[in-house]
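Below is one structure, written out as structure tokens; comments come after it.
We count residues from 1, following the sequence as given.
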Amino acid sequence: MKFFLPLTASAVLLIGCSNMTKTSSIQPPIAEKKAYIMKKHGHQRIDNYYWMRDDERKNKQIIDYLMAENDYKEAQLSPYQPLQKKLYQELTNRLDKNESSAPYLWHGQWYYSRYQSGEEYPIIARKKDLDSTEEIILNVNERAQGNEFYGLGETSVSPNGQLLAFTEDTLSRRIYTVVFKDLNNNQYLKDKIVGVEGNIIWANDNLHVFYIAKDPQTLLGFQVFRHKLGTLQSEDVLVFEEKDDTYYLELGKTIDESLITLSHDSTITSEVSILDANQPLSSFSPILTRKEGHEYTFEKKGDDFYILTNWQAKNYRLMKVPSHQAHNQQAWQEVIPHDNKVLIEDYLILKDYLVYQTRENGLNHIKVRPLDNSPEFELPFDDAAYVASLEINTRQNTDKLRVAYSSPTTPESIFEYSLSSSNPATLAKTRRLLKQENVLGGFKSHAYQSERLFITARDGAQVPVTLVYRKDLFNKNGSNPLYQYGYGSYGYTVEPHFRSSIISLLDRGFVYATAHIRGSDMLGRHWYDEGRMLNKKNSFNDFIDVTQALTERGYADKNKVVASGGSAGGLLMGAIINQSPKKYFAVASHVPFVDVVTTMLDESIPLTTNEYDEWGNPNTKAYYDYMLSYSPYDQIKPQDYPHLLVTTGLHDSQVQYFEPAKWVAKLREYKTDDNLLLFETDMEAGHGGKSGRYRRYQDTAKEYAFFLGLLGLDK
């Protein structure tokens, strides 16, 4: 089994740095220009900063330049160190120092994770019953000791409960090592597996594990190996190799633990292979061979497979088929039909119930269909904007259902429903609250207000927006500062959940807006398709149009708008400041994907080939031209830009550090304003920033101090 650790709100946003007025006596570093000529489709580009790429991360000239930028950033931010420290204390003081997750039952024991006061990492533990003595199976703080960065991947207990396998990353490149522990004597085994994904699965014999090896250059997981305890990694058996480098691999297990699953996923195509968990020496075989554009997942109940598919169903439909006929689509029987207005997002098959999660008009719905043909019913939720999802449900032979719920004003809550004893009309009253995030520091939910709006974009599309603000500090007269966040790629939806960190903004009068722009799944799969490939500019236009509308409607002062985004959201930030720089007072762009054309033409860069169905393949001229027309690095021009904070990690495996480094250098060359441009490279971190429960808030405090200081709200 796998452990699902509770995430703090700070894990959701990628956040970074701080400042206000420029310290005039300190000059920013000016990068050397070395012309590098690139030609494609008869078009020539000159990149004067291409030399900043060093895959080994050892070039002294480059390291010295990055350190010079860090020094300049520190000097500019030094007047605001007291504010940053104050914010850091606010952010961390809201955390329950002894926070724990809701225990869940698996193989006769209750598993959970908890924090101890002052420690950065969780303790993973179990009990035979909830009143018995705790058994600590992994103290992550001990594993992290001595490492500037520590990332725990997955932790997985063997079916007999006697062995623990877990993956760890100490470099922040998302290249993991598998470690094994005997839980009978708390001793680590000699077995060690290096260079892998963070994903591991036990066979039911408690002797074999399956893992995914990474290509050291592209960092793609492409080979599945079987390891036998007590043997060397060099003796491990290759059981599958993915030949198409546009696919990601992931291992899993069905809820009844009878099958090990191997998912093959590209942006718009998927395939699932299975292996008998009781016969680990057998081979993986696909349920249904891949076909471009077809996406599917499956769940198992008895001899039947339930298959969620987009076959003739853009927003998916749920099918059922005897397992031995799964390869024959003509044998699939429809259980939940397709609906153009309803996206099916997730589902769970319990002993007597089919539970499925949908998104309708941007909001989650969870519906329960008894398998005895009794009437279907829905779980009720009340907030104007919220997120509800299926939580950790480890057993199929049960009528208990766990659901996670939060809203911009409601901390993360875990509810349990007893489906067989619940009256559908009184579900909200009979549900049991197992756990709610404990927010310290005097937080009162009723002091804050959330709203859900639809903004008309320039082409007529209706863009959902979630707002939250403190009631007594909000005036709809255009006087409040606005913090706007967005992402808009890969079909990933930024949910309107609770974030304790933003209380520091709300308590200073900010309106916090999440723009659910095209490129996400917020309004269904069409919403995603309208924000990718040759429609990508819709994402940028939506974000800008939301800003325009919120200021026009009096939600915010047009001169006090700040914006933030990370990774593909950093691309969003780069695009909007090229297109509409005057609409934003200050912008934070974290680990930003900004050199789109160069990266997508280079298959040696990690993840490039997996992204063709998201951005397009610039080896085709139409995509090359379109990417070039919005690529933030290529579209820099002589103009005034907002105050900018840019962050990266030297070891980032998703967006290489040299993209933002080059972008900042070119911005310094072209921008015509005297606004701050600060660039920070975390020399120890990767894509996710700092590790640790508290340390990650250092980055949050920097970003907030940057915005607050510039706006004169540092008091």
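- For S263 and D265, the side-chain atoms include no donor-acceptor pair closer than 3.5 Å.
- Side-chain N/O atoms of E603 and Y612 include a donor and acceptor closer than 3.5 Å.
- Of the possible donor and acceptor atoms, one in the side chain of Y347 sits under 3.5 Å from a partner among the backbone N and O of Y306.
- Of the possible polar contacts, none joining the T155 side chain to the F166 backbone as a donor-acceptor pair under 3.5 Å is found.
- Looking at K301 and L371, their side chains come closer than 4.5 Å, going by heavy atoms from C-beta outward.
- One finds a salt bridge joining K300 and D256 here, because a Lys/Arg side-chain nitrogen approaches an Asp/Glu carboxylate oxygen to under 4.0 Å.
- When atom types are taken as modelled, the side chain of R518 and the backbone of K536 share no donor-acceptor pair closer than 3.5 angstrom.
- Between P496 and A385 the shortest heavy-atom distance is CB-CB, 4.1 Å.
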Test T309 against T297 for side-chain contact (heavy atoms from CB on, under 4.5 Å), laying out the working first.
CA-CA 7 Å; T309 174; T297 62; over 6 Å; no
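- Donor-acceptor pairing under 3.5 Å is lacking for the side chains of H497 and E412.
- Within 6.0 Å of atom CD in E292, 12 or fewer heavy atoms from other residues, nucleotides or ligands are found, so the atom counts as exposed in its surroundings.
- With values rounded to the nearest 0.5 angstrom, H227 atom NE2 is found 11.0 Å from I200 atom CD1.
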Checking E391 against Y405 for the side chain to side chain donor-acceptor pair (under 3.5 Å) test, could you report, in this order, the C-alpha distance in whole Å, the side-chain angles of both residues, the deciding distance, and whether it holds?
CA-CA 9 Å; E391 223 264 339; Y405 178 86; over 6 Å; no
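- Heavy-atom minimum distance, G519 versus Y528: O-CD1, 3.2 Å.
- Note: Y386 and F381 have tilted aromatic rings, judged against thresholds of 30 and 60 degrees for the angle between ring planes.
- At a threshold of 4.5 Å between non-hydrogen side-chain atoms, the residues P464 and L523 count as touching.
- Minimum heavy-atom separation, P280 to H208: CG-ND1, 3.9 Å.
- Checked by atom type, the side-chain pair Q462/T456 shows a donor-acceptor distance below 3.5 Å.
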L363 and R452: CA distance, side-chain angles, deciding distance, side-chain contact (heavy atoms from CB on, under 4.5 Å) verdict:
CA-CA 10 Å; L363 290 178; R452 187 165 178 265; 3.7 Å; yes
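- Residues D372 and S374 approach most closely at OD1-OG, 2.7 Å, considering heavy atoms.
- A donor-acceptor pair under 3.5 Å is formed between the side chain of Q357 and the backbone N or O of L390.
- For the side chain to side chain contact (heavy atoms under 4.5 Å, CB included) test with T609, the passing option among D244, L220, N617 is L220; the others fail.
- With F225 as the fixed residue, the ring pair (Phe, Tyr, Trp, His ring centres under 6.0 Å) test singles out one of F240, F210, Y211: Y211.
- Although no hydrogens or angles enter the test, the distance criterion places a donor-acceptor pair under 3.5 Å between the side chain of H107 and the main chain of P159.
- Taking CD1 of I307 as the start and CH2 of W311 as the end, the distance is 10.0 Å to the nearest 0.5 Å.
- Counting all heavy atoms, side chain and backbone alike, S450 lies closest to T409 at N-CG2, 4.2 Å.
- If you check the side chains of H516 and T466, you find a donor sitting under 3.5 Å from an acceptor.
- The 12-atom threshold is exceeded at NZ of K537, counting heavy atoms of other residues, nucleotides or ligands nearer than 6.0 Å.
- N278 CG to E257 CD: the interatomic distance, rounded to the nearest 0.5 Å, is 10.0 Å.
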Checking side chain to side chain donor-acceptor pair (under 3.5 Å) for the pair E295/Y316: CA distance, chi angles, key distance, verdict?
CA-CA 9 Å; E295 298 177 275; Y316 300 96; 3.2 Å; yes
Review item, side-chain donor-acceptor pairs of residues 335-344, under 3.5 Å, at least two apart:
unit_1: H338; atom_1: NE2; unit_2: K314; atom_2: N; d: 3.3
unit_1: H338; atom_1: NE2; unit_2: N315; atom_2: N; d: 3.1
unit_1: D339; atom_1: OD1; unit_2: K341; atom_2: N; d: 2.8

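- Counting heavy atoms from C-beta outward, S273 and H264 have side chains that approach closer than 4.5 Å.
- Between D529 and R525, none of the side-chain N atoms (NZ, or NE/NH1/NH2) sits under 4.0 Å from a carboxylate O, so this pair counts as no salt bridge.
- Going from atom CD of E168 over to atom CD1 of I175 covers 14.0 Å, rounded to the nearest 0.5 Å.
- Side-chain contact between L163 and L229 is present, with heavy atoms from C-beta onward closer than 4.5 Å.
- Judged by distance alone, the side chain of W110 and the main-chain N or O of A125 form no donor-acceptor pair under 3.5 Å.
- S406 contributes a side-chain N or O that, together with a main-chain N or O of F498, makes up a donor-acceptor pair within less than 3.5 Å.
- Within 6.0 Å of atom CG in D303, 12 or fewer heavy atoms from other residues, nucleotides or ligands are found, so the atom counts as exposed in its surroundings.
- Side chain of T394 to backbone of L105: a donor-acceptor contact under 3.5 angstrom is found.
- Two residues are said to be in side-chain contact when any heavy atoms from C-beta on lie closer than 4.5 Å; L281 and R226 meet this criterion.
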Test ring-ring contact (aromatic ring centres under 6.0 Å, His included) on Y487 and Y492; report intermediate values, then the result.
CA-CA 8 Å; Y487 187 75; Y492 175 77; 5.6 Å; yes
Trace of the side chain to side chain donor-acceptor pair (under 3.5 Å) decision for N199 with E154:
CA-CA 6 Å; N199 189 211; E154 285 188 356; 3.1 Å; yes
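- For K214 (side chain) and R174 (main-chain N/O), a donor-acceptor pair under 3.5 Å exists by modelled atom type.
- Here the side chains of E197 and E250 are not in contact, with every heavy-atom distance at 4.5 Å or above.
- Remark: K228 NZ is loosely packed, at most 12 non-hydrogen atoms of other residues, nucleotides or ligands lying under 6.0 Å away.
- The pair R402-E416 meets the salt-bridge criterion, with a side-chain N (NZ, NE, NH1 or NH2) lying under 4.0 Å from an Asp/Glu carboxylate O.
- To the nearest 0.5 Å, atoms CD1 (I366) and OG (S389) are separated by 6.5 Å.
- Figure legend: R431 and Y417 shown without cation-pi pairing, the cationic atom not lying both under 6.0 angstrom from the six-membered ring centre and within 45 degrees of its axis.
- Of all non-hydrogen atoms in L467 and A513, the two that sit nearest each other are CD2-CB, 3.4 Å.
- For E614 (side chain) and Y490 (main-chain N/O), a donor-acceptor pair under 3.5 Å exists by modelled atom type.
- By the 4.0 Å N-to-carboxylate-O rule, E242 lies close enough to R290 to be salt-bridged with it.
- Between L164 and S156 there is no side-chain heavy-atom pair separated by less than 4.5 Å.
- Residues F284 and L251 are in side-chain contact: their nearest non-hydrogen atoms beyond the backbone lie under 4.5 Å apart.
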Any chance you could lay out the side chain to side chain donor-acceptor pair (under 3.5 Å) test for D129 and Q109, step after step, and finish with the verdict?
CA-CA 7 Å; D129 58 67; Q109 299 210 61; over 6 Å; no
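- Using a 30° and 60° split on the angle between ring planes, W332 and H294 fall in the tilted class, from 30° to 60°.
- For the atom pair CD1 (I349) and OG1 (T254), the distance works out to 12.0 Å, reported to the nearest 0.5 Å.
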